[in-house]
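Heads up: numbering here begins at 1 and tracks the sequence. Since the structure is predicted, the reported quantities are computational estimates derived from the model, not experimental observations.
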Amino acid sequence: MSSAAPTAPDAAPEQAFRLADRVNRRPRATRLLAAVRRHRADLLAALIFAVLAGWLTHGLWPDPGGRILALNPEDQTLYEWFLAVDARALLGDFDLLTDRLNAPDGVNLMANTTVIALGVLFAPVTLSLGAPVTFALLAAANLAGTALAWYLLFHRTLHARRLAAALGGGLCGFGPGMVSQTNSHLHMTAQWLVPVIVWLVVRLLRASDPGPGSTDETGRTRTTGPDRRRQFTSAAGLAGAVTAQVFIGEEVLFLAAITLLVMAIGYAVADRDLARRALPGFAGGLAIAAGLALLVLGYPLWFQFAGPQGVADGMFTPAYFSADLSSWWTLSPLSVAGSDESARLTTGPAEYNTFLGWPLLLVAAVCAIWAGRRRLVFACVVAGLVMGALSLGPEVVLGGTRTAIPGPYALIGGLPVVDGALPMRFALALLPIVATLLVLAVDRALRSSGRARRLVPLAVGVALLPIFPASLPTAGRPPVPEFVTGGHWRQCVPPGGVLVPVPLPTPKEPWPMRWATAADAGFRLPEGFFIGPYGRGGTAAMGTFKQPTSALLADVARRGDQPAIGDEQRRQAARDADFWGASCVALTDDAPHAESLRTTLEQLYGPATRIADAWTWRV
């Protein structure tokens, strides 16, 4: 007989279950560990990109609600409001025509750069921690995500060595134009879907190529034919990526499409046999992708151009937003080797798109000559020259002086959709183009055994060093009034009602929009900072017409003078409040010339009621 202790009948199944669980857990842990080991280089690249992005935006992190990007605070205020409005989709309160600004007309979200997809995706963060936290997260995530996406494309699709891919991805994500656009332009820095779109286009092209064929014993050429299944999946994936990008940033999609078109033409010229074989299937796949995308995008695009508060044209002057030719060989003021003096070569700190510097341009040209893979290099060079030339706008500017020499942009200026893009932003396409040339050259050098193995990566590193980005400057901003943050606004404005802050928000001074942002867009505001059809003849314009009472209050806030208030002004104030559908007018102590504004408002609307730190008038 065995000397082992008897086991209770109920214990056997339990022991068997525990044993099986341990056996099942070991393979899962082993597979996870193996996956980490297999992708540790990719994870390291992602970590480096994330740390760099966090460092560049570190000025926001101690207090996102109390800090702001110092070089473009107006646009940050606008985008935080966008994020607050987008987040309301999680509450079931969202429409392409939002009534939360420009009461009573509202704002067409498709006609504005509202990053709807990002706002909805990060809605839980916005509703729980506030839109400033979401903004700070996206400012960093867009840089790191774009760099990582291009790194994976270079490594997985071009099959470049990881060092080469990392250098290229870093340039794409942290180049001068990207760092500059991070000054509040979330719709321009969210480019992490562009490499996905490029990959899907390449995948569609490969699936459409039946191959050069082979000759059988009879002398006839046989081909395997295009891969129909892969064509359709690529087209469907492309439709999905394009649709998502439309709701993130249409201008980025437009620039990517133009660049890919030029590259496709260049590649077709360099490889006519491939163009002849693959064009029918490739064109058919693009048609399928366009048809699938339009099933979703048809109504939103119609709404953008022809819907309520929609605009069908651009509002920015191409001649003003043209790149200075000399800015191409100048270093960005936002790079470690840059100078503030070069800022005069562009329109503002968010538009250092062309500042690549002469070392990088020189090395890129040498890499293009030496890199090999001639067809791809030829396509990149053609696309780079075309996009760079278009960035110069309708008239070439050199050193701040207009030369009267027409630029290539003059050939396409005024065309639908093109008119809505800023010429100088065409230069953003040069980052991935130049990065591709550098990747090809460095990868070829790393695969060689000669002197080039060290010389080429060193030359590329030296060229990239002067444009290494400096951290973005930030500044403190006044706190949002307790009247708003404490929810006291509900005492005079019902949810969804109209609150009139004094002075009212404008494109140049949108600060009262922070009130609505802090309240998760729980109330509506008149006027504000947005794009709408208020230009001459209903063309696109920034903001709207000021009502007489709004203009009067803005003048008091600007100069501090006491205006003469009579019956006519009081009647006009009542008419304006009725036009806005206002429930309450509010003035806080930190408003400019607050005492003069309070006196004026009391003459217009009667005695004030103090609620928390605000004076209020029910109208």
(message) Counting C-beta onward and ignoring hydrogens, is there a side-chain heavy-atom pair between P176 and N353 closer than 4.5 Å?
(response) no
(message) Please evaluate residues H185 and R425 with respect to the criterion side-chain contact (heavy atoms from CB on, under 4.5 Å), reporting the C-alpha separation (whole Å), side-chain torsions for both, the decisive distance (0.1 Å), and the verdict.
(response) CA-CA 12 Å; H185 292 168; R425 290 184 181 172; 3.4 Å; yes
(message) For the backbone of F247 and the side chain of E250, can you confirm whether one donor and one acceptor N or O come within less than 3.5 Å of each other?
(response) no
(message) So, taking the atom named CG in L422 and the one named OG1 in T317, what distance separates them when rounded to the nearest 0.5 Å?
(response) 10.0 Å
(request) For E509, look at atom CD and say whether over 12 heavy atoms of other residues, nucleotides or ligands are found less than 6.0 Å away. (result) no
(message) Tell me the closest heavy-atom pair linking L499 and A586, and the distance in Å.
(response) CD1-CB, 3.9 Å
(message) We want to know whether S184 and D75 form a side-chain donor-acceptor pair, criterion being a heavy-atom distance below 3.5 angstrom.
(response) no
(request) Take R575 and Q547 through the side-chain contact (heavy atoms from CB on, under 4.5 Å) test and state the conclusion after the steps. (result) CA-CA 10 Å; R575 286 194 293 268; Q547 296 301 309; over 6 Å; no
(request) Please name the pair of heavy atoms, one in G393 and one in P423, separated by the smallest distance, quoted to 0.1 Å. (result) CA-CB, 3.9 Å
(message) Strictly distance-based, threshold 3.5 Å: is any side-chain N or O of T346 a donor or acceptor partner for the main-chain N or O of E351?
(response) yes
(message) Do T506 and W511 make a side-chain contact, defined as non-hydrogen atoms from C-beta onward lying under 4.5 Å apart?
(response) no
(request) Check whether the side chains of N72 and Q76 place a donor and an acceptor atom closer than 3.5 Å, and report yes or no. (result) no
(message) Let me confirm one number: the CG-CG distance from N112 to L78, rounded to the nearest 0.5 Å.
(response) 7.0 Å
(message) Any donor-acceptor pair under 3.5 Å linking the side-chain atoms of D590 with those of T588?
(response) yes
(message) When you compare the side chains of T189 and T182, does any donor N or O come within less than 3.5 Å of an acceptor on the partner?
(response) no
(message) Minimum heavy-atom separation for P533 and G310, please, with both atom names.
(response) CB-O, 3.8 Å
(request) Can you measure from CD (Q191) to CD1 (I197) and round to the nearest 0.5 angstrom? (result) 10.5 Å
(request) Answer yes or no: is there a donor N or O on one side and an acceptor on the other, between the side chain of T114 and the main chain of M110, under 3.5 Å? (result) no
(request) Kindly say whether G106 contributes a backbone atom to a donor-acceptor pair with the side chain of D99 at under 3.5 angstrom? (result) no
(message) Between T98 and F94 (side chain of the first, backbone of the second, donor and acceptor by atom type, cut-off under 3.5 Å), is there such a pair?
(response) no
(request) May I ask you to test the T113-V115 pair for a side-chain heavy-atom distance under 4.5 Å? (result) no
(message) Looking only at side-chain N and O atoms, does W150 offer a donor or acceptor that is under 3.5 Å from a partner on T146?
(response) no
(request) Side-chain contact test, heavy atoms from C-beta onward, threshold under 4.5 Å: evaluate it for I412 versus L415 and give yes or no. (result) yes
(message) Would you compute the distance between atom CZ of F483 and atom CH2 of W489 and round it to the nearest 0.5 angstrom?
(response) 9.0 Å
(request) Would you give the length of the straight line joining atom CZ of R618 to atom SG of C492, rounded to the nearest 0.5 angstrom? (result) 6.0 Å
(request) Considering only NZ, NE, NH1 and NH2 on the basic side and carboxylate oxygens on the acidic side, decide whether E527 and K546 come within less than 4.0 Å. (result) yes
(request) Return yes if some donor-acceptor pair links the side-chain N/O of D520 with the main-chain N/O of G522 below 3.5 Å, else return no. (result) no
(message) Strictly distance-based, threshold 3.5 Å: is any side-chain N or O of T616 a donor or acceptor partner for the main-chain N or O of T609?
(response) yes
(request) Mind listing the closest non-hydrogen atom pair of V85 and A521 along with its distance? (result) CG2-CB, 4.0 Å
(message) Taking the six-membered ring for Trp, are Y534 and F545 closer than 6.0 Å centroid to centroid?
(response) yes
(request) Look at D555 together with R558 and state whether they make a salt bridge at an N to O cut-off of under 4.0 Å. (result) yes
(request) Determine the minimum heavy-atom distance between L587 and A594, stating which atoms define it. (result) CD2-O, 3.6 Å
(request) Check whether the side chains of H187 and Y79 place a donor and an acceptor atom closer than 3.5 Å, and report yes or no. (result) yes
(request) Could you tell me whether the side chain of D613 and the main chain of E482 form a donor-acceptor pair under 3.5 Å? (result) yes
(message) Looking at D561, I'd like to know if its CG atom is crowded, meaning that more than 12 non-hydrogen atoms belonging to other residues, nucleotides or ligands lie closer than 6.0 Å.
(response) yes
(message) I'd like to know if the side chain of R570 reaches the main chain of L604, judged simply by a donor and an acceptor atom lying under 3.5 Å from each other, with no hydrogens or angles considered.
(response) no
(request) Check the pair L90 / V120 against side-chain contact (heavy atoms from CB on, under 4.5 Å), numbers first and verdict last. (result) CA-CA 7 Å; L90 204 63; V120 173; over 6 Å; no
(message) I'd like to check W61 versus L137 (side-chain heavy atoms, cut-off strictly below 4.5 Å). Are they in contact?
(response) yes
(request) Evaluate the side-chain proximity of S583 to P494: yes if any heavy-atom separation is below 4.5 Å, no if none is. (result) yes
(request) Only one of E74, R514, R477 passes side chain to side chain contact (heavy atoms under 4.5 Å, CB included) with I68; say which it is. (result) R477
(message) Under 6.0 Å from the ring centre and within 45 degrees of the ring axis: does the NZ or CZ of R610 meet both conditions for the six-membered ring of W615?
(response) yes
(message) Rounded to the nearest 0.5 Å, what separates atom CZ in F135 from atom CZ in F82?
(response) 12.0 Å
(request) Could you label the plane-to-plane angle of the Y299 and F303 rings as parallel, tilted or perpendicular, counting under 30° as parallel and over 60° as perpendicular? (result) tilted
(request) Output yes when a side-chain donor or acceptor of N108 lies under 3.5 Å from a complementary backbone atom of P308, and no otherwise. (result) yes
(message) Check the orientation of F426 and F254. Use parallel for under 30°, tilted for 30 to 60°, and perpendicular for over 60°.
(response) perpendicular
(request) Identify the two heavy atoms, one from L334 and one from N183, that lie closest to each other, and give their separation to 0.1 Å. (result) CD1-ND2, 3.6 Å
(message) Closer than 4.0 angstrom, basic N to acidic O: yes or no for D93 and R100?
(response) yes
(request) Measure the shortest side-chain to side-chain distance between P104 and F579 over non-hydrogen atoms and say whether it is less than 4.5 angstrom. (result) yes
(request) Measure the shortest side-chain to side-chain distance between F523 and V498 over non-hydrogen atoms and say whether it is less than 4.5 angstrom. (result) no
(request) Evaluate the side-chain contact (heavy atoms from CB on, under 4.5 Å) criterion for residues L601 and L553: first the C-alpha distance (whole Å), next the side-chain angles of each, then the deciding distance (0.1 Å), finally the verdict. (result) CA-CA 8 Å; L601 287 165; L553 294 172; 3.9 Å; yes
